[in-house]
Amino acid sequence: MTGVLDELTGRAVTTDFGALPPHVATRLTLLLADAVGCALAGVTDPTARRVAGLAGRRFGTPTGVTALGVATPVTPDMAAFVNGTALRALELNDTYLGGEPVHPSDTVSAVLAAGELAGASGATVLAGMAVAYETLCRLCANAAIRERGWDTVTFGALATALGAGRVLGLDRDRLRDAVTVATVSAPALWQTRVGELSAWKTSAFADAARNGLFAALVAQTGIGGPPRAIDGPSGLERVVTGPLTLPDAAEWQTMRVRAKMFAAQYFTHPAIEACLRLRETGLPAGAIRAIAVRTFGMAVTTAGTDRDKWAPANRETADHSLPYCAAVALLDGEVTPAQFTDARLAAADVRALLPLVTVAEDAEATAGYPDTMATTVEVTVHGGETRSESVTRPLGDPRRGLTESDVAAKFLRCATASGLDPAATRTVLDLCLGVAELGDIGLLLHAARDAAVPA
């Protein structure tokens, strides 16, 4: 085994809920609740509905597991795909900022599906989630695969293979097989996130989670994977990543994961928060003459460069657009899924404001990333008056705290906005917050299914 493979599988096989530091276990519980809330809210999204419809028509099986939005059980890998698509649909799930940014909760759908399949306890699922989160974050911490044309969901299949494998009870040899099978099947192109974005952006990581879980199931049968999948002459490091350097295993990367309070790409959040503050000063939209956003390089590259970002034709492009998110924050005073409907995208007031937005890189802000996400928004109004606001660490940054009440409020707000029954969603929330005490994770998933598909 390579050093990287040995390190990842060794950590995975020894991770146990009882050995997790209390602050890490608490954080994982809150992040699980946040992920399930995002998935419930995303069930009504058109892409999530289409995926759920496909699963119900083609992948139903009496011995399957729960897929949100589907009344009957489906195959485990398809459940990971369906639930992962719903989880990501509204661009509300958590974020980790390393050399490559990524959404660690995208792994949760596969870990939950493995848990239900195995009849695992909530504590076992949290252990598998810890494995998936730490694997994904550590792989992304110092990587630069986007520059090579590869999507970070490439690492998602590896992380979910290990996380799901841990929940399925695979030993170290079988975990090695799971991650190597996932590795040789995983590479995905960055083109998914370039220019005008498509609905596949919503499902790209869900597909990686599906593949990771499937790799774990394959390994469970005893089918081996290529032993030099990572360091071989045509392996991951040679073809996709370059040499991989993992951060110290003693430092829990999960504690660096950030929750999202706005329904948009995380790099837009400092600008959104700055615009909301500006709006509170009584800024009249009709008087705005210019909106200048100065921010760090990653935000410019991913959300403020392509021409499509100034004329988004769909939600997937708009929620990754700094100009659009700044404009609707100033106009509406909020950035929720309601700001990304087709009607809002085409609205005259939004279209009038978009050409007034400029985005520029601030070298000092770039130097401070990812520790900080310094962003300044300056608005010029009629007569030449300027007003500005700056945000260094947006809401959801671990150093600004994440409480149970924050997660609960977001969970219930998003579910209600999607038209789900408040009482049913409250039941799911309570099960999430008490997940460590659950003897069977299926209880949580069945409650989530019932909330998503009312009788």
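Nothing fancy with the numbering, it's 1 onward along the sequence.
Side-chain contact between L353 and L356 is present, with at least one heavy-atom pair separated by less than 4.5 Å. Residues Y266 and L97 have side chains in contact (heavy-atom distance under 4.5 Å, counting atoms from C-beta outward). Counting heavy atoms from C-beta outward, N142 and P247 have side chains that approach closer than 4.5 Å. Under the 4.5 Å side-chain criterion, counting only non-hydrogen atoms from C-beta, C38 is not in contact with F411. A heavy-atom distance below 4.5 Å is found between the side chains of L244 and L236. Within the 4.5 Å cutoff, the side chain of T61 has no heavy atoms near those of the V74 side chain. In this structure the side chain of R400 reaches within 4.5 angstrom of the side chain of L395, judged on heavy atoms. At a threshold of 4.5 Å between non-hydrogen side-chain atoms, the residues V125 and V435 do not count as touching.
Using modelled atom types, one side-chain atom of R27 and one backbone atom of V257 make a donor-acceptor pair closer than 3.5 Å. At least one donor-acceptor pair under 3.5 Å links the side chain of E100 to the backbone N or O of I145. Side-chain N or O atoms of T375 include one that pairs as donor or acceptor with a backbone N or O of M373 at under 3.5 Å. With hydrogens and angles disregarded, a donor-acceptor distance shorter than 3.5 Å links the side chain of D406 to the backbone of T403. A side-chain donor-acceptor contact under 3.5 Å links T366 to the backbone of G297. With hydrogens and angles disregarded, no donor-acceptor distance shorter than 3.5 Å links the side chain of T341 to the backbone of P337. Judged purely by atom type and a 3.5 angstrom limit, D308 has no side-chain atom pairing as donor or acceptor with the backbone of T317. In this structure, S321 contributes its side chain and Y324 its backbone to a donor-acceptor pair below 3.5 Å. With hydrogens and angles ignored, the 3.5 Å screen pairs no side-chain donor or acceptor of T392 with any backbone N or O of A374. Between the N211 side chain and the D207 main chain, a donor and an acceptor come within less than 3.5 Å of each other.
The neighbour count for R387 CZ, taken as heavy atoms of other residues, nucleotides or ligands under 6.0 Å away, is above 12. Around atom CZ of R399, more than 12 heavy atoms belonging to other residues, nucleotides or ligands sit under 6.0 Å away. Other residues, nucleotides and ligands place no more than 12 heavy atoms under 6.0 Å from the CD atom of E364.
Here the shortest heavy-atom pairing between T301 and R146 reads CG2-NH1, 4.3 Å. In plain terms, the two heavy atoms of A327 and L354 that are nearest each other are CB-CD2, 4.4 Å. Closest approach of P73 and G64 over heavy atoms only: CB-C, 3.6 Å. Contact record, T358 with A292: OG1-CA, 3.5 Å, taken as the closest heavy-atom pair. Here the closest non-hydrogen pair linking N314 and E196 is ND2-OE2, 3.8 Å. When all heavy atoms are compared, the tightest approach of A120 to V167 is CB-CG1, 4.0 Å.
For T66 and E116, the side-chain atoms include at least one donor-acceptor pair closer than 3.5 Å. Using a 3.5 Å distance cut-off with no hydrogens or angles, the side chains of E389 and T376 do not pair a donor with an acceptor. A donor-acceptor contact under 3.5 angstrom links the side chains of T85 and S203, judged on distance only. Side-chain atoms of T154 and D151 form no donor-acceptor pair, as typed in the model, at a separation below 3.5 Å. Side-chain contact of S105 with N93: a donor-acceptor pair under 3.5 Å is present, judged by distance alone. Looking only at atom types and distance, the side chain of Q265 has a donor-acceptor partner in the side chain of T302 under 3.5 Å away.
Within the model, atoms CZ of R413 and CG of L92 stand 8.5 Å from one another, a figure rounded to the nearest 0.5 Å. Rounded to the nearest 0.5 Å, atoms CD1 (I272) and SG (C325) are 4.5 Å apart. We find the CG-CG distance between L90 and L40 to be 11.0 Å, quoted to the nearest 0.5 Å. In this structure, OG1 in T416 is found 9.0 Å from CG in D421, a value given to the nearest 0.5 Å. Going from atom CG of L162 over to atom OG1 of T135 covers 4.5 Å, rounded to the nearest 0.5 Å. Between I288 atom CD1 and L330 atom CG the span is 5.0 Å, to the nearest 0.5 Å.
The pair R344-E334 fails the salt-bridge criterion, with no side-chain N (NZ, NE, NH1 or NH2) lying under 4.0 Å from an Asp/Glu carboxylate O. Ionic pairing of D319 and K201 is present here: one or more N-O contacts between side-chain nitrogen and carboxylate oxygen are shorter than 4.0 angstrom. Note on E91 versus R315: no salt bridge recorded, every NZ/NE/NH1/NH2 to OD/OE distance being 4.0 Å or above. Classification of D306 and R193 as a salt-bridged pair fails, no side-chain N sitting under 4.0 Å from a carboxylate O. A salt bridge links D106 with R88: at least one charged nitrogen is closer than 4.0 Å to a carboxylate oxygen. Taking 4.0 Å as the cut-off between side-chain N and carboxylate O, D430 and R426 count as a salt-bridged pair. For the pair R279 and D332, the salt-bridge criterion is not met [side-chain N within less than 4.0 Å of a carboxylate O]. Salt bridge status for R258 with D94: absent, with no side-chain N to carboxylate O gap under 4.0 Å.
Applying the ring pair (Phe, Tyr, Trp, His ring centres under 6.0 Å) test to every pair with at least one member in residues 197-217, sequence neighbours left out, gives no pairs at all. Among residue pairs with one or both ends in residues 140-161, none qualify as ring pair (Phe, Tyr, Trp, His ring centres under 6.0 Å); sequence neighbours excluded.
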Next on the checklist: Assess the residue pair E134 and R166 against the criterion (salt bridge (charged side-chain N to carboxylate O under 4.0 Å, His left out)); give the C-alpha distance rounded to whole Å, side-chain angles, the decisive distance to 0.1 Å, and a yes or no.
Outcome noted: CA-CA 13 Å; E134 288 299 306; R166 169 65 185 84; over 6 Å; no
Checklist entry - So Y369 and T295, side-chain contact (heavy atoms from CB on, under 4.5 Å) or not? Walk me through it. => result CA-CA 10 Å; Y369 172 86; T295 189; over 6 Å; no
Item to check | side-chain contact (heavy atoms from CB on, under 4.5 Å) between R210 and S109, worked out | outcome: CA-CA 8 Å; R210 178 180 68 85; S109 64; over 6 Å; no
Item to check | side-chain contact (heavy atoms from CB on, under 4.5 Å) between E316 and T47, intermediate numbers included | outcome: CA-CA 11 Å; E316 290 82 6; T47 299; 4.2 Å; yes
Next on the checklist: Is there a salt bridge (charged side-chain N to carboxylate O under 4.0 Å, His left out) between E251 and R256? Walk through the geometry before answering.
Outcome noted: CA-CA 10 Å; E251 181 180 0; R256 296 176 176 266; 2.4 Å; yes
Item to check | Worked check of side-chain contact (heavy atoms from CB on, under 4.5 Å) between T160 and V111 | outcome: CA-CA 7 Å; T160 53; V111 174; 5.7 Å; no
Donor-acceptor pairs are to be reported for all side-chain atoms of residues 48-58 against protein atoms at under 3.5 Å, with residues two or more places apart or in another chain.
residue: R49; atom: NE; partner: T44; partner atom: O; Å: 3.2
residue: R57; atom: NH1; partner: G53; partner atom: O; Å: 3.3

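With ring centers used as reference points, Y96 lies 6.0 Å or more from Y133. Checked against the 6.0 Å centroid criterion, the rings of F59 and F81 do not qualify as a close aromatic pair.
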